[in-house]
Amino acid sequence: MSAISAPVQQVLQARQDATQTKIDMALLGKQLDVQQDTGDAINQMIREVVDVQKQISSGHIDVRV
């Protein structure tokens, strides 16, 4: 038998669950940030490809860096 009473164990478990939920939510937030950044980068690449395609179709390519 545990030296910690059942009500105290329940409170401790609830606190541990709450902490784990906060950690999980923070990790999900970070994952969403990474997905947003990745999406933004892909959109920028698509815009650049469109620009290059337009330049090619007009007979020149601007290669300035």
Side-chain angles (χ1 to χ4, degrees):
M1 185 170 188
S2 175
I4 301 173
S5 68
V8 172
Q9 286 179 349
Q10 290 174 346
V11 169
L12 292 174
Q13 185 62 47
R15 290 183 74 173
Q16 182 178 355
D17 292 346
T19 299
Q20 187 61 49
T21 298
K22 286 180 183 178
I23 292 168
D24 292 344
M25 293 301 290
L27 289 173
L28 285 172
K30 292 293 183 184
Q31 289 174 342
L32 286 174
D33 290 345
V34 168
Q35 288 178 348
Q36 181 67 50
D37 291 345
T38 301
D40 291 346
I42 290 170
N43 287 333
Q44 180 62 34
M45 288 172 52
I46 290 170
R47 284 191 292 274
E48 290 172 5
V49 167
V50 168
D51 288 344
V52 169
Q53 289 295 327
K54 287 178 183 176
Q55 290 174 19
I56 289 172
S57 69
S58 69
H60 76 280
I61 296 178
D62 183 358
V63 292
R64 288 180 283 166
V65 177

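Along the sequence shown, the residues carry numbers beginning at 1. Below, each value reflects all heavy atoms present in this structure, side chains not excepted, and no hydrogens, waters or symmetry copies. This is a predicted model, so every value here is computed, not measured.
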### Query
Distance from Asp17 atom CG to Asp24 atom CG, nearest 0.5 Å?
10.5 Å

### Query
Between atom OG1 of Thr21 and atom CD of Gln16, what is the distance when rounded to the nearest 0.5 Å?
10.5 Å

### Query
How long is the span from the CD atom in Gln31 to the CG atom in Leu27, to the nearest 0.5 Å?
6.5 Å

### Message
Using 0.5 Å steps for rounding, measure from the CD atom of Gln20 to the CD atom of Gln13.
### Response
10.5 Å

### Message
As an exercise, state the distance from CD1 of Ile61 to CD1 of Ile56, rounded to the nearest 0.5 Å.
### Response
4.0 Å

### Task
For residues Ser57 and Lys54, report the shortest heavy-atom separation together with the two atoms involved.
OG-O, 2.8 Å

### Task
Working to the nearest 0.5 Å, report the span between CD1 of Ile42 and CG of Asp37.
11.0 Å

Show me the side-chain donor-acceptor pairs of residues 46-53 shorter than 3.5 Å, one per line, residues at least two apart or across chains.
{"residue": "Arg47", "atom": "NE", "partner": "Gln44", "partner atom": "OE1", "Å": "3.4"}
{"residue": "Arg47", "atom": "NH2", "partner": "Gln44", "partner atom": "OE1", "Å": "2.9"}
{"residue": "Glu48", "atom": "OE2", "partner": "Gln44", "partner atom": "NE2", "Å": "3.0"}

